[in-house]
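Heads up, the thing below is written out as structure tokens.
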Amino acid sequence: FLWIDPARGRFQYNTFRGERNYSCFSSSDFYSSLGLEDFLSVGDISGTEEDTDSAILYGTLRGSVVGLRYYTGIVNNNEMVALQRDPNNPYDKNAVRVNNVNGDQVGHIKKELAAALAGIMDSKLAVVEGVVPYGAKNVFTMPVQMSFWGREENREAVLDQLKRHGFKLSPPLKGNRFGSKWISGRAGPSYSAPVHAAVQLTTEQLKSEFDKLFEDLKEDDKTCEMEGAETVGTLLLPHQKQALAWMVSRENSNDLPPFWEERSDFYYNILTNFAEKKRPENIRGGILADDMGLGKTLTTIALILTNFQDGKPLPVERITNDKFCEDQFEQHIHQDFNVNIYVYYGSDRSKDPSVLSEQDIVLTTYNILATDYGIRGGSPLHKVKWLRIVLDEGHTIRNPNAQQTKAVLNLEGQRRWVLTGTPIQNSVKDLWSLISFLKMKPFTDREWWHRTIQRPVTTGTPGGLGRLQSLIRSITLRRTKTSKVKGKPVLELPERKVLIQHVTLTEEERQVYQSVKEEGKAAISRFFSEGTVLAHYADILGVLLRLRQLCCHPHLCVNTSSSFSAGESEFSLVFDNKTPEELRETLVKKMKLVLSSGSDEECAVCLESLTVPVITRCAHVFCKPCIFEVIRSEQPNAKCPLCRNKLRVEHLVECPPEEEIDSSNGKKSDQEWISSSKVNALMHALIELRRDSPNAKCLVVSQFTTFLSLIENPLKESGFAFTRLDGSMAQKKRVEAIQCFQSSQAGSPTVMLLSLKAGGVGLNLTAASRVFLMDPAWNPAAEDQCFDRCHRLGQKHDVVITKFIVKDSVEENMMKIQNKKRKLAAGAFATKKPSASEVNQTKINEIKALIDL
DNA sequence: ACCGCCGGGTGCC
DNA sequence: ACCGCCGGGTGCC
């Protein structure tokens with residue numbers, strides 16, 4: 001089995017000493033430490049993907065497919081076909097191939113028509129789709145009905161190009177004449193004679209429609225229960241037994257995949273009208289989409305142990321663990337099971353596939369998977385045929401252009417599972433990667449997914465949503481925290497309260513804060529007047545970071561502010577009077593600032609954690625493969641996705657192998673300990689809490705690990721027993737810290753210092769019933785996720801969360817933006833992705849709001 | 001006839 | 001392809 005998890009912390013054995021460890025220190029960490037990650041998550045800005053969602057139908061055209069007798073690909077009447085440019089054809093550089101749904105070539109578009117299409121297709125002015133209305137049995141040529149899709153602003157150009165070759169589009173006909181003419185009566189491609197925007201569902205409608213997918217839990221195949229194998233060693237809850245039964249039945253089932261029918265002597269796909277003799281393989285897996293905290297990981301471990309072969313369990317020795325262990329992989333499997341587990345992670349990972357093949361379970365991360373995918377000689381992970389592949393937090397692969405997604409899609413293994421609490425994050429589009437991973441024919445090819453599911457749903461074509469529903473229903477099990485099993489909620493959680501505790505800075509703190517603020521504000525105003533805001537984005541984030549740090553404790557920004565007031569040098573990259581070596585050093589320095597600010601975030605191209613960070617000359621950090629792809633696809637005039645400055649491969653600077661990035665950030669033992677208003681507020685609350693309920697445990701959460709280190713001082717002074725968990729800790733230490741904190745023994749720690757994004761969503765800290773959030777995150781979801789680490793299955797008490805917010809500061813402004821974001825998120829499903837310029841405008845507005853401009 | 005017409009050879013891009 | 005197109009054979013009625 002291969003188990004892939006995004007949370008490197010979860011099984012991270014190496015430390016970063018002596019090597020680069022991007023999981024601990026990525027530039028996204030930096031953005032996230034600023035709490036502005038969503039600023040940077042600007043969607044598909046790589047520019048490689050046609051914006052298929054805003055495409056409209058220009059019209060249709062009848063043409064012919066020729067040369068049928070030279071090819072083996074066959075089609076049915078009404079079957080969809082793909083038109084593919086064939087620019088290297090020796091006889092005609094305009095050639096356009098016609099392929100059936102399976103990808104087999106059927107023929108070519110007749111040359112006169114191909115001459116007209118070539119330019120349109122190459123310049124991506126329109127997407128051309130085909131359906132063969134009749135004549136499927138023809139020997140030499142057959143007709144093809146083509147639909148032209150593109151953005152409104154390209155319509156004229158397309159019509160013009162066609163006209164110049166003597167073709168004219170027929171208007172997009174509304175059903176009748178068209179339909180009756182070439183769609184025979186059967187359940188056919190009502191989408192290939194598209195009626196654009198018939199009934200456009202509102203966002204709200206779509207969302208509520210979609211939620212209905214999972215309401216019906218009475219389906220038989222999802223309510224049977226099954227006991228886990230003895231070796232599971234933990235009692236499963238009823239809903240977990242249901243999930244186990246469902247997963248086992250999916251792995252062992254021989255049903256046809258959705259949308260396939262058996263007809264006399266062949267198998268028929270009712271969406272594309274494609275048929276073949278070979279039985280399409282069943283999807284031996286699916287999506288387990290239970291809400292966070294319902295025990296997806298535990299259930300999947302139960303599956304691994306219970307359904308090894310022919311429904312028999314994995315032959316391993318019985319384990320001896322009687323404590324109820326929730327969800328965490330290493331807590332669960334590592335200590336308790338006598339199975340071979342290989343953690344494929346760290347620089348000493350074996351590149352020998354046979355080493356991997358010997359294991360029962362191999363654990364790895366998306367980052368490792370993606371990094372290895374590109375290596376010379378191939379990734380060992382991709383050379384093994386796995387029995388089962390599990391994508392934990394599987395929505396990680398939502399972006400089809402990301403290296404991680406590509407690496408995942410190319411893994412081989414029969415049983416394939418996606419675990420995710422949020423299968424649909426923003427839109428139907430997010431689903432494609434998951435569906436494709438499940439190897440569901442014909443959706444592994446994005447064109448068929450788009451034509452048969454995505455477009456019908458987003459344009460509101462009647463029946464489209466129904467299609468999506470039946471697809472999802474057949475491969476997904478989802479229960480929410482409020483779902484019921486046998487009339488009882490699967491999860492009965494105590495209450496959760498969030499309090500805002502305002503903090504006023506002392507006179508002295510205020511002075512420092514104001515001076516840094518004025519200085520930063522002046523610089524940012526200058527960027528506004530120069531129109532270089534986006535070019536100085538990293539610097540602006542730096543200013544905001546300092547302000548946020550000052551709200552916490554004056555010592556936090558000592559290191560980062562060294563060159564801040566030194567004048568131009570930090571804010572503008574003046575190239576003219578710098579040697580290449582000096583320039584390189586400046587960029588490396590910037591990247592290190594970016595890489596060293598603790599916690600974790602994303603590359604703005606792939607929206608995933610950074611694999612191999614590189615910095616551009618305009619000082620933006622991306623994954624190396626991502627930015628290379630941008631440059632390749634936009635050549636020769638590639639522009640930075642964040643600021644639109646020119647990009648050149650030879651200007652990219654990689655992070656040099658590092659001594660130790662973080663060395664200076666720790667405790668300053670030589671520096672005398674002083675407190676701060678926020679620390680005082682925390683200590684006051686902690687001492688009060690200890691007096692009133694001595695056994696209560698609490699989490700003290702910050703995005704700044706240095707801040708956590710500072711807080712250790714007063715905790716010691718006041719005699720608190722505490723422990724600590726942050727992203728830089730070795731795995732062993734982490735497990736120790738967690739177990740120690742979760743223990744109910746007398747004298748066990750009552751306080752845990754926790755970095756906001758430490759651990760994956762699986763992190764279980766239910767011993768705590770109080771949370772003190774020391775600094776706000778810009779993205780409220782990150783906070784919520786953190787709160788859920790104690791407000792989850794196993795929590796016995798009401799949970800009280802206190803957020804410390806400094807009055808009249810950037811923190812208050814962040815709260816306002818948080819609220820806006822919350823409202824947006826509430827109605828965000830399936831809304832159109834904002835354009836790059838909209839995103840930039842939002843960024844600019846938010847910068848203004850944050851620094852009172 | 002530097003045409004028309006006939007009928008055989010032939011056939012994607 | 002039971003087509004179109006090509007190019008050689010042919011030539012009043």
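Order of the sequence lines sets the chain letters (A, B, ...), proteins ahead of strands, with each chain counted from 1. Side-chain atoms are counted along with the backbone in the values below, which use heavy atoms only and exclude waters and symmetry mates.
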In whole angstrom, give the distance that lies between atom OH of A:Tyr70 and atom C1' of B:dG11. 6 Å
Starting from P on B:dC12, measure out to CD on A:Glu112 and report it in whole angstrom. 13 Å
Run the side-chain hydrogen bond (donor to acceptor under 3.5 Å, both in side chains) test on A:Asn89 and A:Asp92 for me, step by step, so that the C-alpha distance in whole Å, both residues' side-chain angles and the decisive distance to 0.1 Å come before the verdict. CA-CA 6 Å; A:Asn89 189 301; A:Asp92 182 359; over 6 Å; no
P atoms of B:dG9 and B:dG4, separation to the nearest Å: 26 Å
Step through it carefully: locate the ring centre of A:His108, locate the ring centre of A:Tyr71, and say whether they are under 6.0 Å apart. yes
Would you say A:Tyr91 stacks on B:dC12, if stacking means ring centres under 5.5 Å apart and planes within less than 30 degrees? no
Which part of the nucleic acid, if any, lies within contact of A:Leu68, taking any heavy atom under 4.0 Å across all strands shown: a base, the sugar-phosphate backbone alone, or nothing? nothing
Phosphate OP1/OP2 of B:dC12 contacted by A:Lys111 side-chain N/O (<4.0 Å): no
Between atom OH in A:Tyr71 and atom C1' in B:dC13, what is the gap in whole Å? 6 Å
Measure the distance from NZ on A:Lys110 to P on C:dC5 and round it to the nearest whole Å. 9 Å
Out of B:dG11, C:dA1, B:dC13, which nucleotide sits closest to the side chain of A:Phe140? C:dA1
Whole-Å C1' distance, B:dG8 and B:dC12: 22 Å
Counting the atoms with a prime plus P, OP1 and OP2 as sugar-phosphate, which does A:Arg69 contact under 4.0 Å by heavy atoms, base, sugar-phosphate, or nothing? base
Length of the line joining A:Leu83:CG and B:dC12:C1', which is rounded to integer Å: 15 Å
A:Ser354-A:Asp352 side chain donor-acceptor pair, cut-off 3.5 Å: yes
Distance, P atom - from B:dT10 to B:dC6, rounded to whole angstrom: 22 Å
Nearest-Å distance for atom pair CD/P, residues A:Gln105 and B:dC12: 13 Å
Distance criterion of 3.5 Å, no angle test: do you see the side chain of A:Asn89 paired donor-to-acceptor with the base of B:dC13? yes
For A:Tyr91, I'd like to know if atom OH has over 12 heavy atoms of other residues, nucleotides or ligands within 6.0 Å. no
Atom CG of A:Asn88 to atom C1' of B:dC13: distance rounded to whole Å? 13 Å
Nucleotide paired to C:dC3 in any strand shown, Watson-Crick or G-U, under 3.5 Å: B:dG11
Just to verify, which of A:Val128, A:Val131, A:Leu169, A:Leu57 counts as forming a side chain to side chain contact (heavy atoms under 4.5 Å, CB included) with A:Ser147? A:Leu57
